[in-house]
Chemist: 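Starting off with a structure, shown below.
In what follows, every chain begins at residue 1, and chains take the letters A, B, ... in the order their sequences are listed.
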Amino acid sequence: MNHWLIKSEPASYSWDDLVRDGGTEWDGVRNPTARINLRAMAVGDLAFFYRSVTEPAVVGIVRVSRTAQPDPRDDKWVSVRVEPVRPLAPVTLKTIKADPALAAMELLRQSRLSVAPVRPEEWTHLKGLAEAG
DNA sequence: GCCAACGTTGGC
DNA sequence: GCCAACGTTGGC
């Protein structure tokens, strides 16, 4: 199983919106690198839900419930379906940046990438931080 | 194909 | 609000 991180601005779609909806189409991604990552997702893959812009932090875990399909509004692009698994105690960007075990995360390396892979050891470590806090 | 201008993302 | 990073567009 692969692990990922997906970003959303709370003003456009928040963790609470996802919980309310019970799942959503993760569409609107318009970046070629992010598209490669969406296409690589399998059903059952887990992703951190990252809140950008306003108090940037990882705030939850989601599960991929359908693989990539063309966006009906623009079939050059794709979307997957995700559903909430559980909220996490927020792990802030500040904490992530300060942690040597997370220094290689794609989140930090390419800060504008909205769909990024997470290495297994990074996944375990970051999830551990949320559970410790 | 190069590159300057421009637009968007996202941290601060 | 500012600005760095970086992707896209368009003139040449």
Chemist: Can you check the A/N31 CG to C/dG7 P distance for me, whole Å?
Modeler: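 Result: 7 Å.
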
Chemist: Would one find a side-chain N or O of A/K7 under 4.0 angstrom from OP1 or OP2 of B/dT9?
Modeler: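 Answer no for this pair, as no side-chain N or O of A/K7 is under 4.0 Å from OP1 or OP2.
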
Chemist: Over how many whole Å does the gap from A/R109 atom CZ to B/dG10 atom P extend?
Modeler: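 My rounded result for the distance is 16 Å.
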
Chemist: Nearest whole angstrom, please: distance from the P of B/dT9 to the CG of A/L93.
Modeler: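 Atom-to-atom, A/L93 to B/dT9, this comes out as 18 Å.
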
Chemist: Around A/R20, counting heavy atoms of other residues, nucleotides and ligands shown, do more than 12 lie under 6.0 Å from its CZ?
Modeler: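 Count over threshold, so yes.
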
Chemist: Taking A/D74 for the side chain and A/W77 for the main chain, is one N or O donor matched with an acceptor at less than 3.5 Å?
Modeler: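 Such a contact is absent between A/D74 side chain and A/W77 backbone.
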
Chemist: Hey, is A/R30 close enough to A/D71 for a salt bridge, meaning N to O under 4.0 Å?
Modeler: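 A salt bridge is present here (some side-chain N lies under 4.0 Å from a carboxylate O).
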
Chemist: Specify the residues of residues 51-60 of chain A, ordered by number, for which at least one heavy atom lies under 4.0 angstrom from an atom of DNA chain B.
Modeler: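 Only A/S52, A/V53, A/P56 qualify.
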
Chemist: Starting at CD of A/E9 and ending at P of B/dC12, how long is that distance when rounded to a whole Å?
Modeler: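 After rounding, the reported distance stands at 15 Å.
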
Chemist: So does A/Y50 get a side-chain nitrogen or oxygen closer than 4.0 Å to the phosphate oxygens (OP1/OP2) of B/dG11?
Modeler: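 Looking at the OP1 and OP2 atoms of B/dG11, one of them is under 4.0 Å from a side-chain N or O of A/Y50.
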
Chemist: Would you say A/Q110 places a side-chain N or O within less than 4.0 Å of OP1 or OP2 belonging to B/dT9?
Modeler: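 So the side-chain polar atoms of A/Q110 never come under 4.0 Å of the phosphate oxygens OP1 or OP2 of B/dT9.
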
Chemist: Looking at side-chain heavy atoms only, is the closest gap between A/L126 and A/V118 below 4.5 Å?
Modeler: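 Answer no - side chains too far apart.
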
Chemist: Rounded to whole angstroms, how far apart are CZ on A/R112 and C1' on C/dA5?
Modeler: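 In whole Å, C/dA5 C1' and A/R112 CZ are 6 Å from each other.
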
Chemist: Regarding A/K7 and A/E106, does a basic nitrogen lie under 4.0 Å from an acidic carboxylate oxygen?
Modeler: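 Salt bridge flag = no for A/E106 with A/K7.
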
Chemist: Please report, rounded to the nearest Å, how far the C1' atom of B/dC12 is from the NZ atom of A/K97.
Modeler: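 So the two atoms are 8 Å apart, to the nearest Å.
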
Chemist: Parallel, tilted or perpendicular: which fits the ring planes of A/Y13 and A/W26, with parallel below 30° and perpendicular above 60°?
Modeler: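 Answer is perpendicular, since the angle exceeds 60°.
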
Chemist: Quick check: does any side chain N or O of A/N37 sit under 3.5 Å from a backbone N or O of A/A34, one acting as donor and the other as acceptor?
Modeler: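 No, A/N37 side chain to A/A34 backbone: no donor-acceptor pair under 3.5 Å.
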
Chemist: Once you round it to whole Å, what is the distance between P of B/dG11 and CG of A/L113?
Modeler: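 Rounded to whole Å, this separation is 12 Å.
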
Chemist: Whole-Å distance between C/dA5 P and A/L108 CG?
Modeler: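 Distance, rounded to whole Å: 14 Å.
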
